[in-house]
Structure formats: C-alpha cells, structure tokens
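Shown next, in structure tokens, is the structure this report addresses.
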Amino acid sequence: MVPFNKVVEIEDFDDSGLASVMREVCAHKVPHLPAGYPKGAEHRKDWEVAMAVRALDHFGALGPESVVLGVAAGVEDTLFYLTTRAKQVFATDRYLLPGAWMPLAPPVMLAEPQAVAPYPFDVNRLVVQHMDGRALRYPDGMFDGIFSSGSIEHFGELQDAAYAAYEMGRVLKPGGVLSLSTEFRLTGPPGGIGWPGMTLLFSKENLLRYIVEASGLELVDEIDIDVSDETLAKPWDLNIVIEHYDADLKAQRESADPRPDFNFWEFPHLVLFQEDYVFTSVHLTLRKTERYPATDNAWAKPPASVLAGISEYNRSVVAELGARSAPASAPAPAPAPLPAVAAAPAPSPEATETPPVTRLARIDELLAVVDAGREATDASLGDIDRLASELDVRAAEPNLASLPDLESPAWRSKEVTLPEGVGFVVVLESDRTNNVMWYDNGRVLDEHLLSLMLQLVSPGDRVLDLGAHVGVFSLAASAAGCAALAVEASPTNAALLRSAVWRNGFHDLHVVNAVVAAAPGTAAFVPNGPWGHVAWEPTAGAVDVPAVTVDELVAAVGWEGASFVKMDVEGSEVDALAGMARLLGGPDAPPVLYESNAHTLELAGCSPHELVAALESLGYVSYLVDPGRLTRLGPGEPQIETVANCIALKRRPPGLSGWIVSPRMTTDERLTKVLVESGHDNPHCRRYIAGALATFDEAFLAHPQVVDALARLREDPQEGVRRAAAWSDERERADAR
C-alpha cells in the first residue's frame, strides 16, 4: 500500500487502490488518455487529487453527514467529486483575484460552478466562497476533512504557509483529517526555498516546521522522501513546459474542435527543474488528535496585522467591483474607512497592487515609518566625523582645504534622472578623466543595473555600495529613500561623493574612505579614476588607505544587516567576501550585485571561477545580468566576457518587472559573446577569451566560427594573446595524431 506521507513516484501508479481512486475521480479524462490510465499517463496533478480523496476516505472524513473544506481549491476535480461523498463541500479561494491566476480560480465559481465543472455534480452540496487561506472565516472544529492540493506554495513566504496551516488545524474537528499536497525540493542551493511570493519549494525540515508544527496536527505516518531512479529519469524544464502549454492553448483557441487541456500533457510528468532547483509533489496526511496542538503553534497564528491586511484587500476589491457596476452618471461609491495597519504581503504571485484609493489613505503612515527609520539611523550613526574616527580613516583622507573649492570650476555638479523617476545630483571632475565609466551624452551607463537595484530595495532599506566611485549607486539608493553606506578607496572620489551628499542633503548616506578587505589594517591603493585598485605588488603612485572588513563596518555603524550590496572593487572581490561572512552567511542575506573583471581578478591572483565559488560557499546562486535578463551561471561554467556584471541571490526575488530569468545561455548567445571578446580592441579582453576557451566543451570549440576565432587569436599582434591561445595549437596537433 502506498504510504500517506510521501513524494510522488512513478511506481505509485502501479498501486491498484490508488489507480482505482484516480480513475474514479478523474473519470472524464479516461476516454482521452492512453489505454490503461493512469499507467502511461502518469501526471503528478492526478496523483495529488487521488492521494487527497484516498486519505479523506481511509481516515473516515467522508460519509453522509461529513462536511469537507477545500482551501485554495480553484476548480479542482476533487471539489466536484466530493459532492457525491459528503453532505456539504465548501470551496474557498481568492476567486476575485485578477491576473494570470484567474483561469485556475475563476469568478464564475461564485455564481455558476457547474459552468466549469468537468462533469455533472450535486450543485446543492457545494458552497463556493472568496476567502484567503490565511484567514478562514469558520468557527473552530467545523470540518471533518480538509484538502489543499498544490496551492499553499503560492501563498507568499514560509510564514504565510504557516498561517494557513494554523487556520486549517483550527477549523478541523477533533479526529478530523487534513490532506495537503505541495512542492518538494529534491535538489537546490543550500537553504533555498524556491521563489517566495511566486512558488515555495519545501524541504522536509520546512514541511515539519511550517505545515506540521504550525497546524498543531500529527502525521499519520512518517514522511518518505526517497525517489526512485525511474521517477527521476525524465525531468521537465519548467520553462519549456510553460512554453508548450501556452502554444497548445493558443492552438486550442484557434481550433474548430477544441480539446481539454489535459490532452496536451506529456508523460510521465512528475519531476520539474528550473534554474538550479529540481522539485516534485509531496503529499501529507495529518489528523487532529486529542493532543492538539501537538506542539506549541502560537507563533503560527495569523496576527491582527495580517487579518487586517486581508480585510483591507477584500474591501478594496468590493469597492472596485462597485465602481465598475455603478451607472456611468453616478460616482463610484467610496470605500469604508480602512484600519491604519501595515498591509500584509499578497499570498499569490499575481496579486495586483492595492488600488490607489487605499494607497493614498496610507501615505502619511508610510512616510512616518520612513522618517522614524531615518531618525533612528541618525541617532545610531552620529555624524561622518565620528564614524571616520572609529575606523581610523581620517589620516588617509585628503585635506579638503588643499582640493579645489566645491563651488570652483574644477568640480562640477550634474543632475541625473533615472527612468524610474529617481533624481539626484552627482559631483564630477571637470576634465572628465574620472567620469568616462559613467556618462555618455548625459546618460548614466549601465542604467539597467540601477534599475535592478531599485526593484530590489524599498524606502527604509539599507544599501552597501562597495567600490562606490563617485556614488551613482549609493546616491540613487538614497534618492529612493534608503539608508546607504558608501566605501570608496580613492581619496579624491570619496571627497567628490561627500560633496554630492552635501549638495543632495542625504543625511542617510555616509561615506568611508577605505579598502574593503579580508582583515582590518592598511592597504596600498593605486588611485586611477574609475579604475583604481589595490596595489598587489609595489606600484608607483600608490597611497596607504585603511583596510576594513564589511562585517566590522556594519557593526561600527550600528546596522543589524543590509538589504542590498553592490560590489565593484577591481579584483579585490574575493578578499572583500572573506570579510563579510556574518552579513552574507544567513538564509536571508541580501542580494549582491557585483562586477567580475577577469583581468583585475587575475592581477589579484584570483579568477572569475573562484569569485563565483566564494559566493556559492555562502549559499548564493549567481546570474549574469544583461539588460532585462538574468541568466543562471552554472557551477564551473566559464565566464565569457572579460568584464561581466552579475548578481548573486539566495532566492529568486518576486516581482522583477520587465526582467526574464533564463536557466542557461543558448549556444548562439555564447557564440556571439565569444566573437565580440575575441575581436575586442582591448588586448586584455582578447587574451582572456583566448585562455578561457580552453575550458569550453568540445562541441562548442568545433563550431566553425570558434575555430576561426582561435586561429586569429593565435596570430594576434600581442604576444600575450598568442601565448594564451597556444593551447589550441597543441589540441589541433593532438587531434591530428
């Protein structure tokens, strides 16, 4: 007999009892799927449905007097089938939620559920209600059985799942049964939980904490997380599955003879992968025993702020519906006054923003929170002079009296307005030698990097700008309402940035003239405009600059952590990471936007591979950042561009508007980048790619354009480039032998 608490396996479809339940609940599919169904048509959704019905039946939750609840039930087959097995079935979901989830939980369910039912059912036994799973509006102990299949992972964060589990345990009768299916992480980054706000991927530990313990219920048997090799034999790329499904739906809409969507399934469909995660379905069966709650689960009870946020959203939906239905000549009815509490996070990835009328009603409160945060930051930091004194930085700073006056022509201020509407003033040197990295015809270069940062921070967040140069990132963060700490090793650049802080009036932007390193001390630094770097060997013109660790710096300013880190320290990145283990070591560590410069890393005795590996050791996954696109960098994957902009994440952030996340680069994309680098004007770029190609796979190296590029690199005018490409000569000779 198949256990009640387990991950899906292809062998489960051989179990006669489970297969019989599947054929009964999914009877409408049998004529359309391969003979012998469910064999030959193994799909994890049908498994989830059958596991739910089997559990409810086996543990006595179904019968002539039973009352059953479906949480986030959408249009599950289970709902309609259970009207034949229970006295009353309640279906709850956010049926009034607009967006991409609407087809799975359509509003028509509230009025005419038979319009979307797969087969006839007893409509008098089904009650459909718009309801958030984190706040079930039922008395304690009302239901004999509850099911929730493939939904709780979309509720938001892990704590939101815990709120829902608590509520399901509360409304269950003593002795009642909860059947719950969700996503289970088979492999992935250490501590990774998928994509909070979109799709959570649970580990066994997360299941035990945020569902079992939070519910107060007890498992009916142990959770079996072993998966057979046969089950793992055919994983599906989630991106491809979505593409195929969208194409099939389009074809169906255009067809004169449309077919049910399950006709488009490909089998077996049990295991998925996206980015570096591999995941599948897990089913839990829990009972409400006499020991309820089996453990103290008060921490999982939805707080008043969450309940009020849900109520606020529901009322705004009703107000919007009223506005739509009002006669054209009549003004839309005003919503009732809203409680002044913090809004709860939306439990679905597709939730829209709170309507403007609600946001306007709360603007004073939000501004007060930001102002209070700024006052607290000021109180903890004091002023820049005290901070510099604590870090013994002042001795290395330039004598501002010896520099041109802030109002003189030697320095100039420039107004910057980003596409997001964020504006600030930056201070530059008039001769432009220090500005070429940032400005081109009046625009900030790499605006997409600033846009990415601005999507990942909110007012009141704390931003670290390591290798700040003239401060474009820290100034933009400050203009967006964040507190910022900028670390810049060049004395001149630090002075320019302090001037910009003064001109903008940013009292939450603090500048430290230092090198970020693995240990505190003193470092020799070569000031060179935007390309300044640590002197890894004796270098003319180097100046002594204090070296600080980021962990030391964060502690000195009184921050408990940071929300975002930008790091561009011209080859010193690995050293800098060694000094921020406390900040970056935890599961909630901030995103790190960083430059990986193969040339300067080599001068420091490191490589792009070592930089990525250092971040991976802290639990991060790195992505290449191109305008509008993040591309996953797999372990050991060679860096193609000599200078690459990357972002390291502990988890995929929700709501990156206008950005695509890709699991890998296509062959054509890799080829394009290789050809650009191999023909670059800068010999450092040509030398890097000449050597890096030695780590590429044989199939790629055999491409005619790659063969031609290597031939050109072997004949390059620069000796260093020719030496770096010499390996390909030896390879060709070996192939000839």
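In what follows, every heavy atom counts, from backbone to side chain, and hydrogens, waters and symmetry copies are set aside.
- Between Glu275 and Arg632 there is no salt bridge, since no side-chain nitrogen of the basic residue lies less than 4.0 Å from a carboxylate oxygen of the acidic one.
- Defined by atom type and a distance below 3.5 Å, a donor-acceptor pair is present between the side-chain atoms of Asn206 and Ser203.
- When the salt bridge (Lys or Arg N to Asp or Glu O under 4.0 Å) test is applied to Glu218, the partners found at least two apart in sequence or on another chain are Arg291.
- Between the His283 side chain and the Ser179 main chain, no donor and acceptor come within less than 3.5 Å of each other.
- Using a 4.0 Å cut-off between a side-chain N of Lys or Arg and a carboxylate O of Asp or Glu, Asp132 and Arg137 do not qualify as a salt bridge.
- By the salt bridge (Lys or Arg N to Asp or Glu O under 4.0 Å) test, Asp93 pairs with no residue at all, sequence neighbours left out.
- The closest donor-acceptor contact from the side chain of Arg125 to the backbone of Ala86 lies under 3.5 Å.
- Note on residues 67-80: pairs passing salt bridge (charged side-chain N to carboxylate O under 4.0 Å, His left out), not counting sequence neighbours, are Lys29-Asp77, Lys45-Glu76.
- Pairing each heavy atom of Glu157 with each of Pro196, the nearest pair is OE1-CB, 3.4 Å.
- In this structure, Gln88 contributes its side chain and Val67 its backbone to no donor-acceptor pair below 3.5 Å.
- Shown here for Ala19 and Phe13, the closest heavy-atom pair between the two residues is CB-O, 4.1 Å.
- Checked by atom type and distance alone, the side chain of Tyr277 never pairs as donor or acceptor with a backbone atom of Thr187 at under 3.5 Å.
- Side-chain contact between Leu201 and Leu186: absent, with no pair of heavy atoms (C-beta onward) separated by less than 4.5 Å.
- For NE2 of His130, the number of neighbouring non-hydrogen atoms (other residues, nucleotides, ligands) closer than 6.0 Å is greater than 12.
- By the salt bridge (Lys or Arg N to Asp or Glu O under 4.0 Å) test, Glu183 is found to be paired with Arg44, residues two or more places apart in sequence or in another chain being considered.
- For the pair Arg287 (side chain) and Gly175 (backbone), a donor-acceptor distance under 3.5 Å is present.
- With hydrogens and angles left out, the side-chain atoms of Glu48 and Ser281 include a donor and acceptor closer than 3.5 Å.
- With sequence neighbours excluded, no residue satisfies ring pair (Phe, Tyr, Trp, His ring centres under 6.0 Å) with Tyr166.
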Under 3.5 Å, side-chain donor or acceptor atoms of residues 34-42 against the rest of the protein: list the pairs with distances, not counting sequence neighbours.
residue : atom : partner : partner atom : Å
Tyr37   : OH   : Asp46   : OD2          : 2.7
Lys39   : NZ   : Asp14   : OD1          : 2.9
Glu42   : OE2  : Gly40   : N            : 3.0

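- Taking 4.5 Å as the limit, every side-chain heavy atom of Leu82 sits out of range of all side-chain heavy atoms of Thr84.
- With Trp236 contributing its side chain and Pro268 its backbone, the two residues share a donor-acceptor pair below 3.5 Å.
- For Phe155 and Tyr163, the ring centers sit 6.0 Å or farther from each other.
- By the salt bridge (Lys or Arg N to Asp or Glu O under 4.0 Å) test, Glu222 is found to be paired with no residue, residues two or more places apart in sequence or in another chain being considered.
- For Asp668, the side-chain hydrogen bond (donor to acceptor under 3.5 Å, both in side chains) criterion is met by no residue, not counting sequence neighbours.
- With hydrogens and angles ignored, the 3.5 Å screen pairs a side-chain donor or acceptor of Lys650 with a backbone N or O of Gly586.
- Residue Leu633 holds its CG atom at 10.5 Å from CG of Leu615, rounded to the nearest 0.5 Å.
- Relative ring orientation between His269 and His43 is described as parallel, the plane-to-plane angle staying below 30° on a 0-90° scale split at 30° and 60°.
- Side chain of Asn297 to backbone of Ala214: a donor-acceptor contact under 3.5 angstrom is found.
- Other residues, nucleotides and ligands place no more than 12 heavy atoms under 6.0 Å from the NZ atom of Lys87.
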For residues 106-115, please give each side-chain donor-acceptor pair under 3.5 Å, one per line with the distance, not counting sequence neighbours.
residue : atom : partner : partner atom : Å
Glu112  : OE1  : Gln114  : NE2          : 3.0

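- For residues 139-148, every residue pair satisfying the salt bridge (charged side-chain N to carboxylate O under 4.0 Å, His left out) rule, not counting sequence neighbours, is listed here: Asp140-Arg170, Asp144-Lys173.
- Of all heavy-atom pairs between Phe202 and Ala161, the closest is CZ-CB, 4.0 Å.
- For the residue pair Ser148/Ser151, the side-chain donor-acceptor check at 3.5 Å is not satisfied.
- Salt bridge annotation for Lys6-Asp221: absent, with no cationic side-chain nitrogen under 4.0 angstrom from a carboxylate oxygen.
- Residues in residues 62-86 take part in these ring-ring contact (aromatic ring centres under 6.0 Å, His included) pairs, two or more places apart or across chains: Phe80-Phe121.
- Side-chain atoms of Trp195 and Gln274 form no donor-acceptor pair, as typed in the model, at a separation below 3.5 Å.
- Looking at Leu630 and Leu624, their side chains never come closer than 4.5 Å, going by heavy atoms from C-beta outward.
- Between Phe279 and Phe273, the ring center distance fails the sub-6.0 Å criterion.
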Quiz item: Under the side chain to side chain donor-acceptor pair (under 3.5 Å) criterion, do Glu153 and Thr182 qualify, and how do the steps go?
Solution: CA-CA 6 Å; Glu153 63 269 18; Thr182 188; 2.8 Å; yes
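- Legend: salt bridge (charged side-chain N to carboxylate O under 4.0 Å, His left out) pairs involving residues 184-207, not counting sequence neighbours: none detected.
- Distance alone, capped at 3.5 Å, is enough to place a donor-acceptor pair between the Ser66 side chain and the Ala61 backbone.
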